[in-house]
*Asks:* 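Dropping a structure here in structure tokens format, bear with me for questions.
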Amino acid sequence: MTGNNILGIIYSNMYDECLSEITALRTMGSVPFAGRYRLIDFALSNMVNSGIEKVGVITKSNYQSLMDHLGTGKPWDLSRKTEGMFILPPFSSAGNRGNYINRVEMLRGITGFIGRSNEDYILFSDCNSVLNIDVDELMDFHTDNNADISIVYKHGVQPQLDNTMTLRLGDDGRVEQIAVSPNALGEVDYSLNMILMKRSLLQRLVREALSMNQESFERDILQRNTEKLRIFGFEAKGFARTIDSMVSYFRISMELLNPDNCAELFNADRPVYTKVRDDMPAIYGLGSTVKNSLIANGCIIDGEVENSILFRGVRVEKGAVVRNSILMQGSFVASGASLNYTITDKSVAITPNKTLSGAENYPVFVGKGIVI
């Protein structure tokens with residue numbers, strides 16, 4: 001492992017607006033995913049599986065749920081007397097509004113944290129990309145190519161997000177051109193916003209950007225320096241997806257019902273860690289039917305569940321039908337109710353004989369704690 005010389009930085013709030021219904025009361029990093037995880041678990045696990053011992057989590061708002069999930073960092077072995085996990089909320093000072101609006105402001109806000117760190121390298125990651133990557137391979141790729149910056153990318157359809165970077169690569173993997181939010185048609189090589197570089201280089205680039213009143217990390221730091229710096233693209237293999245909307249959140253979640261996709265993401269050699277919640281095993285009542293679904297512990301199922309993802313503590317009564325749906329923690333579906341293409345937030349109750357039906361490209365969403 002080479003991670004003990006890398007400082008990890010995770011942006012927990014980037015792209016909250018693309019899941020505004022779910023992130024109204026939480027950050028992107030604390031969005032529930034795949035039955036028992038939060039989106040930040042994947043970025044954290046990628047880092048700690050390579051030996052990274054110091055991780056800073058940048059956040060700016062709605063981070064109570066995130067802090068409850070992360071705690072002291074113990075599930076990721078980041079609860080330490082030295083190094084470990086650091087929550088980095090906005091810091092208000094002269095000339096600083098105390099609420100970040102772009103990546104450059106975020107980096108300015110944690111200048112002291114970065115400056116006090118001893119690691120030679122720094123690895124950035126967002127929370128809306130779901131992947132399981134070997135950071136040791138990324139580091140080897142970076143050093144073998146004598147790269148200044150390495151950007152992890154995926155070949156596929158460009159996500160519809162602000163400041164999405166698409167890359168034009170040379171035969172040697174060097175980035176020849178970066179386009180920002182190009183609305184490209186067809187498949188492209190797009191950045192997953194997982195970026196590795198020298199800590200000293202980042203400090204210099206941020207100082208230069210701030211001195212010239214530049215605000216965009218993508219345009220003013222990366223795109224502007226494509227010819228000056230050795231920037232390389234590292235392709236993410238296997239299951240790697242970027243969430244850019246409620247539809248993509250639903251689609252990507254449902255892709256995990258395919259055992260091959262699930263095995264690629266939850267690789268036994270690189271486990272995905274999360275907060276441990278002890279609960280009883282799922283209980284399946286007599287006459288219940290469950291097909292092609294992910295069922296978390298603590299669920300009680302007496303009805304019918306098909307092609308769905310149920311988080312901890314969900315109850316489906318006898319006579320209830322749940323198909324093509326995602327039910328988050330503590331949801332309750334009463335007898336006679338029917339759900340199809342529906343997403344429920346935590347602690348939602350569907351009363352008897354109610355029917356909710358959306359579509360694959362337009363799932364119905366029910367907010368936290370709502371009773372229907």
Side-chain angles (χ1 to χ4, degrees), residues 1-14 27-30 37-59 66-67 69-88 103 106-107 110-145 147-153 191-203 232 234 236-238 240 265-276:
M1 294 185 179
T2 58
N4 57 5
N5 198 29
I6 302 175
L7 169 66
I9 296 291
I10 297 175
Y11 298 99
S12 70
N13 277 97
M14 295 303 296
T27 68
M28 177 65 77
S30 56
Y37 299 91
R38 302 296 181 106
L39 289 179
I40 197 171
D41 293 339
F42 299 92
L44 274 172
S45 298
N46 285 331
M47 292 180 178
V48 301
N49 282 333
S50 70
I52 292 177
E53 299 175 347
K54 186 175 184 179
V55 178
V57 180
I58 303 177
T59 190
L66 181 72
M67 294 181 69
H69 179 70
L70 295 178
T72 61
K74 185 177 180 179
W76 302 272
D77 193 27
L78 290 173
S79 180
R80 299 163 180 253
K81 291 184 178 179
T82 59
E83 311 305 350
M85 180 184 293
F86 296 80
I87 306 296
L88 305 172
R103 293 184 195 270
M106 291 180 186
L107 293 172
I110 64 168
T111 297
F113 174 74
I114 294 175
R116 291 189 297 272
S117 300
N118 298 317
E119 292 78 8
D120 291 332
Y121 294 89
I122 190 164
L123 176 66
F124 297 102
S125 182
D126 285 351
C127 289
N128 66 317
S129 289
V130 179
L131 71 160
N132 190 333
I133 191 171
D134 190 335
V135 176
D136 289 335
E137 288 186 6
L138 171 62
M139 188 66 187
D140 291 341
F141 173 87
H142 184 84
T143 53
D144 290 346
N145 286 284
D148 295 311
I149 300 173
S150 292
I151 302 174
V152 179
Y153 73 92
S191 168
L192 296 173
N193 287 331
M194 193 172 187
I195 299 172
L196 176 69
M197 66 173 75
K198 275 283 187 73
R199 184 171 61 93
S200 57
L201 173 62
L202 173 74
Q203 291 173 302
F232 281 77
F234 179 84
K237 303 290 187 179
L265 182 61
F266 299 103
N267 188 325
D269 295 330
R270 298 189 299 275
V272 180
Y273 303 99
T274 190
K275 181 179 179 179
V276 176

*Asks:* What distance do Asp41 atom CG and Thr274 atom OG1 have between them, rounded to the nearest 0.5 Å?
*Replies:*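 Going from CG on Asp41 over to OG1 on Thr274, the span is 3.5 Å.
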*Asks:* Go through the steps to decide whether Leu201 and Ile149 satisfy the test side-chain contact (heavy atoms from CB on, under 4.5 Å), and finish with yes or no.
*Replies:* CA-CA 9 Å; Leu201 173 62; Ile149 300 173; 4.0 Å; yes
*Asks:* Just how far is it from atom CD1 of Ile122 to atom CD1 of Ile9, taken to the nearest 0.5 Å?
*Replies:*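 The CD1 atom of Ile122 sits 4.5 Å away from the CD1 atom of Ile9.
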*Asks:* Got Asp77 and Val48 here, is their nearest side-chain heavy-atom distance under 4.5 Å?
*Replies:*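 The answer is no; the side chains never approach within 4.5 Å.
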*Asks:* Using a 3.5 Å distance criterion without hydrogens, assess whether the side chain of Asn128 forms a donor-acceptor pair with backbone atoms of Met14.
*Replies:*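 Between the backbone of Met14 and the side chain of Asn128 there is no qualifying donor-acceptor contact (under 3.5 Å).
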*Asks:* Quick check: closest heavy atoms across Ser125 and Met47, and the distance to 0.1 Å?
*Replies:*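 Taking every non-hydrogen atom into account, CB-CE, 3.9 Å.
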*Asks:* Does any part of the side chain of Leu70, heavy atoms only, come nearer than 4.5 Å to the side chain of Leu78, both counted from C-beta?
*Replies:*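 Sidechains of Leu70 and Leu78: no contact.
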*Asks:* Under 4.5 Å between any side-chain heavy atoms of Ser45 and Trp76, yes or no?
*Replies:*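 They are in side-chain contact.
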*Asks:* Measuring from Met67:CE to Ser12:OG, what's the distance to the nearest 0.5 Å?
*Replies:*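 Nearest 0.5 Å value for the CE-OG distance: 11.0 Å.
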*Asks:* Working to the nearest 0.5 angstrom, can you tell me the gap between Leu131 CG and Asn46 CG?
*Replies:*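 Reported value, rounded in 0.5 Å steps: 5.0 Å.
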*Asks:* Grab the two heavy atoms, one from Gly8 and one from Ile52, that are nearest each other, plus how far apart they are.
*Replies:*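 The pair with the smallest heavy-atom distance is N-CG2, 4.0 Å.
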*Asks:* Is there a side-chain contact between Phe234 and Glu137 in this structure, where contact means two heavy atoms from C-beta onward sitting under 4.5 Å apart?
*Replies:*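 Yes - at least one pair of side-chain heavy atoms lies under 4.5 Å apart.
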*Asks:* Is there side-chain contact between Leu123 and Met194, with at least one heavy-atom pair below 4.5 Å?
*Replies:*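 Heavy-atom side-chain distance check passes, below 4.5 Å.
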*Asks:* Evaluate the side-chain contact (heavy atoms from CB on, under 4.5 Å) criterion for residues Asn49 and Val135: first the C-alpha distance (whole Å), next the side-chain angles of each, then the deciding distance (0.1 Å), finally the verdict.
*Replies:* CA-CA 8 Å; Asn49 282 333; Val135 176; over 6 Å; no
*Asks:* With the side chain counted from C-beta on, respond yes when Ile40 and Thr27 share a heavy-atom pair under 4.5 Å apart, and no when they do not.
*Replies:*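 Result no, sub-4.5 Å side-chain heavy-atom pair not found.
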*Asks:* Should the pair Phe141 and Phe232 be assigned to parallel (<30°), tilted (30 to 60°) or perpendicular (>60°) ring geometry?
*Replies:*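 Rings of Phe141 and Phe232: perpendicular, over 60°.
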*Asks:* Please table the atom pairs, donor to acceptor, closer than 3.5 Å between any side-chain atom in residues 265-273 and protein atoms at least two apart or in another chain.
*Replies:*
| unit_1 | atom_1 | unit_2 | atom_2 | d |
| --- | --- | --- | --- | --- |
| Asn267 | OD1 | Asp269 | N | 2.8 |
| Arg270 | NE | Asn132 | OD1 | 2.9 |
| Arg270 | NH2 | Asn132 | O | 3.3 |

*Asks:* Has the side chain of Ser191 got a donor or acceptor atom that lies under 3.5 Å from a matching backbone atom of Tyr153?
*Replies:*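 Absent.
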*Asks:* Mind checking whether Met139 and Asn5 have side chains closer than 4.5 Å, heavy atoms only?
*Replies:*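 Not touching, per the 4.5 Å side-chain cut-off.
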*Asks:* Going through the checks in order, is the side-chain contact (heavy atoms from CB on, under 4.5 Å) test met by Tyr121 and Thr143?
*Replies:* CA-CA 11 Å; Tyr121 294 89; Thr143 53; 4.1 Å; yes
*Asks:* Can you name the nearest heavy-atom pair linking Ile195 to Met197, along with the distance?
*Replies:*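 Nearest heavy atoms, Ile195 then Met197: CG2-CE, 4.0 Å.
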*Asks:* So which pairs with a foot in residues 117-130 pass salt bridge (charged side-chain N to carboxylate O under 4.0 Å, His left out), sequence neighbours left out?
*Replies:*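 Passing the test, one end in residues 117-130: Arg103-Asp126.
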*Asks:* Grab the two heavy atoms, one from Gly73 and one from Met85, that are nearest each other, plus how far apart they are.
*Replies:*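 Minimum heavy-atom contact is CA-CE, 3.7 Å.
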*Asks:* List in chain and number order the residues that pass side chain to side chain contact (heavy atoms under 4.5 Å, CB included) with Lys275, two or more places apart in sequence or in another chain; answer none if no residue qualifies.
*Replies:*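 Applying side chain to side chain contact (heavy atoms under 4.5 Å, CB included) to Lys275 gives Asp68, His69, Arg277.
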*Asks:* So which heavy atom on Leu138 is nearest to which on Ser150, and how close?
*Replies:*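 Shortest heavy-atom separation between Leu138 and Ser150 comes out as CD1-CB, 4.1 Å.
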*Asks:* Would you say the side chain of Leu107 lies within less than 4.5 Å of the side chain of Phe124, judging by non-hydrogen atoms?
*Replies:*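 They are in contact (side-chain heavy atoms under 4.5 Å apart), so the answer is yes.
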*Asks:* Start with the C-alpha gap between Val130 and Leu39, add the side-chain angles, then the distance that decides, and say whether side-chain contact (heavy atoms from CB on, under 4.5 Å) holds.
*Replies:* CA-CA 7 Å; Val130 179; Leu39 289 179; 3.8 Å; yes
*Asks:* Looking only at heavy atoms, which two atoms of Leu66 and Gly29 are closest? And how far apart?
*Replies:*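 Minimum heavy-atom separation between Leu66 and Gly29: CD1-C, 4.2 Å.
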*Asks:* Out of curiosity, Leu202 CG to Thr111 OG1, how far, rounded to the nearest 0.5 Å?
*Replies:*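 The OG1 atom of Thr111 is 9.0 Å from CG of Leu202, to the nearest 0.5 Å.
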*Asks:* To the nearest 0.5 Å, how far apart are OG1 in Thr72 and CZ in Arg80?
*Replies:*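 It is 11.5 Å, given to the nearest 0.5 Å.
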